[in-house]
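Have a look at the structure below before the remarks.
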Amino acid sequence: MNHLFVETTNGVALLTINRPKALNALNEELLVELYDTLQALEQDAEVKVVVLTGAGEKAFVAGADIAEMAQMTPPAAREFARRGQQVILFIERMKKPVIAAVNGFALGGGLELAMACDFIYASEKAKLGLPEVTLGIMPGFGGTQNLARAIGPKRASEMVFTGKMVSAQKLLDWGLINEVTPADELLPKVKETAALIAKVGLLGVAAAKDALVNGLNMGKTDGFKYESSLFGNLFATQDQQEGMSAFLEKRKPTFNNR
Ligand code: DAK
């Protein structure tokens with residue numbers, strides 16, 4: 001792998017996008033590596049939760065690689081879009097939670113990548129935005145959809161139409177970001193939260209993620225039905241037996257994710 005580092009400790013995989021010279025901009029090779037790596041992490045029984053961050057102090061991801069995009073023919077642009085959407089959709093459907101640790105600029109495809117994650121923690125230095133219109137294009141990795149759902153259509157429209165960057169603190173207030181920390185406390189804080197998730201039953205978390213992600217695209221009645229169906233499925237698992245037995249026997253559960 002040329003552009004990614006992976007380090008797994010106690011069930012938490014730290015996945016670092018490493019192209020700091022280009023502020024971790026997403027080129028096609030990186031998107032392919034990201035997709036392959038996320039697939040491998042989903043299969044890896046040691047991994048319970050993934051933390052996605054950017055290398056260096058300046059950027060999470062400064063967007064799609066503009067130098068590469070500038071040269072693209074229409075077929076190449078279509079292939080690039082397909083690769084990007086594959087990554088975004090995979091994160092949303094992945095059976096393990098993915099937390100974005102936004103350590104700096106998260107722009108364009110970078111913010112879209114962060115928004116595809118289950119939730120976002122950010123450094124107080126981070127600046128986030130969707131500047132695509134300044135390049136004569138528009139967001140294409142789900143940015144309009146996910147931003148409007150997270151902060152409401154009025155604030156999303158202003159951000160998308162102006163392309164301006166917004167501080168992490170403001171996006172915390174608007175509900176896009178869960179927590180803002182000093183830069184050097186970002187990874188420790190995210191890892192602390194990831195460790196809580198790594199301790200619980202992965203099947204329960206995976207089913208809850210499914211309900212949260214897919215339920216948002218349904219009406220409330222269908223969402224409730226979907227939730228109850230996933231809830232019922234968990235009663236065929238060893239983890240449900242173990243979690244409840246452990247509570248009743250006043251001991252800590254040992255989940256085996258089956
Ligand atoms: N692509 C390529 N290189 C980039 C880059 C990017 N997005 N962002 C930064 N770099 C490179 C710079 O060119 C520079 O390279 P050198 O000149 O040193 O070789 C190096 O990173 C450092 O950047 P700066 O010198 O510009 O650093 P500053 O601190 O002055 O400024 C900045 C930081 C983040 C404000 C600035 O770099 C900037 O504005 N970057 C571009 C941000 C941007 O516009 N991002 C959005 C890209 S468009 C699609 C779906 C999605 C997308 C496209 C298609 N389909 C489904 C079809 C996504 C589109 C985008 O993300």
Side-chain angles (χ1 to χ4, degrees), residues 2-5 15-35 38 52-93 98 100-117 120 122-151 155-171 176-177 180 183 186:
N2 289 325
H3 304 306
L4 296 177
F5 294 138
L15 174 53
T16 306
I17 297 178
N18 182 41
R19 270 192 91 205
K21 278 192 200 143
L23 303 188
N24 303 322
L26 304 169
N27 62 14
E28 187 154 358
E29 189 183 28
L30 198 160
L31 287 172
V32 172
E33 286 183 11
L34 200 49
Y35 182 63
L38 287 164
L52 181 62
T53 195
E57 308 222 315
K58 217 167 150 181
F60 171 71
V61 169
D65 188 315
I66 300 169
E68 192 178 81
M69 278 196 298
Q71 310 296 327
M72 282 177 188
T73 59
R78 261 177 235 124
E79 179 58 14
F80 180 71
R82 193 186 67 77
R83 298 261 186 216
Q85 289 177 356
Q86 202 176 33
V87 171
I88 299 287
L89 291 173
F90 187 78
I91 292 174
E92 288 183 1
R93 291 173 192 162
V98 184
V102 173
N103 51 310
F105 290 113
L107 303 174
L111 176 53
E112 293 175 300
L113 184 63
M115 289 194 293
C117 296
I120 305 175
S123 149
E124 61 194 7
K125 286 189 189 161
K127 293 217 173 335
L128 304 92
L130 293 174
E132 283 87 344
V133 292
T134 68
L135 298 167
I137 57 174
M138 65 170 278
F141 292 161
T144 56
Q145 303 308 299
N146 285 334
L147 191 64
R149 280 172 173 76
I151 67 174
R155 286 165 174 160
S157 299
E158 185 178 344
M159 278 182 71
V160 173
F161 300 165
T162 62
K164 72 182 177 188
M165 293 185 214
V166 176
S167 70
Q169 183 58 49
K170 186 167 264 188
L171 289 167
L176 181 73
I177 294 176
V180 174
L186 176 64

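Indexing begins at 1, ligand by ligand and atom by atom, following the structure's order.
Close approach to Leu135 involves these atoms of ligand 1, each under 4.0 Å from a residue heavy atom: 44 (O), 47 (C), 48 (S). Less than 4.0 angstrom separates some heavy atom of Gln85 from each of these atoms of ligand 1: 56 (C). Those atoms of ligand 1 that come under 4.0 Å of a heavy atom in Met165, given as number and element, are 35 (C). Of all atoms in ligand 1, numbered sequentially from 1 with element shown, those under 4.0 Å from a heavy atom of Gly109 are 58 (C), 60 (C), 61 (O).
Atom CD of residue Glu79 and atom CD of residue Glu28 lie 5.5 Å apart, to the nearest 0.5 angstrom. Taken from CG in Leu128 to NZ in Lys164, the straight-line distance is 14.0 Å, to the nearest 0.5 Å. Separation of atoms CG (Leu111) and CG (Leu107) is listed at 8.0 Å; rounding is to 0.5 Å. The distance from the CD1 atom of Ile177 to the CG atom of Leu171 is 5.0 Å, given to the nearest 0.5 Å. Atoms CG and NE2, on Asn27 and His3 in that order, are 4.5 Å from each other to the nearest 0.5 Å. Rounding to the nearest 0.5 angstrom, the gap separating the CG atom in Asn24 from the CZ atom in Phe60 is 9.0 Å.
The aromatic rings of Phe141 and Phe80 are tilted relative to each other, their planes meeting at an angle between 30° and 60°.
Within the 4.0 angstrom cut-off, atom 10 (N) of ligand 1 has one or more protein heavy-atom neighbours. In this structure, atom 55 (N) of ligand 1 has protein heavy atoms in its sub-4.0 angstrom surroundings. Atom 23 (O) of ligand 1 lies below 4.0 Å from at least one non-hydrogen atom of the protein. There is a protein heavy atom less than 4.0 angstrom from atom 1 (N) of ligand 1. Distances from atom 27 (O) of ligand 1 to the protein include at least one heavy-atom value under 4.0 Å. Counting only heavy atoms, the protein gets under 4.0 Å from atom 50 (C) of ligand 1. Note that atom 37 (O) of ligand 1 has protein non-hydrogen atoms nearby, at separations under 4.0 angstrom.
Note on ligand 1: Pro131 sits in its first shell, one or more heavy atoms being nearer than 4.0 Å. Note on ligand 1: Lys58 sits in its first shell, one or more heavy atoms being nearer than 4.0 Å. At least one heavy atom of Met69 sits under 4.0 Å from some atom of ligand 1.
Counting heavy atoms closer than 4.0 Å to ligand 1, residue Phe141 contributes atoms from both its backbone and its side chain. For Ala25, every heavy-atom contact with ligand 1 shorter than 4.0 Å involves the side chain, none the backbone. Heavy atoms of Leu26 found under 4.0 angstrom from ligand 1: none, in either backbone or side chain. With a 4.0 Å cut-off on non-hydrogen atoms, Ala64 touches ligand 1 through its backbone as well as its side chain.
With respect to atom 20 (C) of ligand 1, the closest heavy atom belonging to the protein is Lys21 O, 3.3 Å. The nearest protein atom to atom 4 (C) of ligand 1, hydrogens excluded, is given as Ala22 O, 3.8 Å; this is a heavy-atom distance. Closest to atom 41 (C) of ligand 1 among all protein heavy atoms lies Ile66 CD1, 3.8 Å. The protein atom (non-hydrogen) at minimum distance from atom 57 (C) of ligand 1 is Ala81 CB, 3.4 Å.
When all heavy atoms of Asn18 and Phe5 are compared, the closest pair comes out as ND2-CZ, 3.2 Å. Counting all heavy atoms, side chain and backbone alike, Leu176 lies closest to Ile120 at O-CD1, 3.9 Å. When all heavy atoms are compared, the tightest approach of Asn2 to Glu33 is N-OE2, 2.8 Å. What you find for Ile91 and Ala116 is that their closest heavy atoms are CG2-O, 3.3 Å.
A 4.5 Å side-chain heavy-atom check between Leu147 and Arg155 finds every atom pair outside the cut-off. Inter-residue side-chain proximity for Cys117 and Leu52 is flagged as met; some heavy-atom pair is nearer than 4.5 Å. In this structure, the side chains of Val61 and Leu26 come closer than 4.5 Å at one or more pairs of heavy atoms. Taking 4.5 Å as the limit, every side-chain heavy atom of Ser123 sits out of range of all side-chain heavy atoms of Val180.
Environment of CD in Glu57: sparse, with no more than 12 heavy atoms of neighbouring residues, nucleotides or ligands closer than 6.0 Å.
Residue Gly140 has no N or O atom closer than 3.5 Å to an N or O atom of ligand 1. Note: no N/O pair closer than 3.5 Å links Ala77 and ligand 1 by distance alone. In terms of N/O distances under 3.5 Å, ligand 1 is not approached by Leu107. Here's the thing with Gly110: none of its N/O atoms is less than 3.5 angstrom from an N/O atom of ligand 1. Checking only distances, Glu112 never comes within under 3.5 Å of ligand 1, N or O to N or O.
Nearest-heavy-atom check against atom 45 (N) of ligand 1 across Gly108, Gly63, Ala62 picks out Ala62. Summarising the contacts of atom 32 (C) of ligand 1 with Thr134, Val133, Leu23, Leu113, the nearest heavy atom is found in Leu23.
In this structure, Thr53 contributes its side chain and Ala101 its backbone to a donor-acceptor pair below 3.5 Å.
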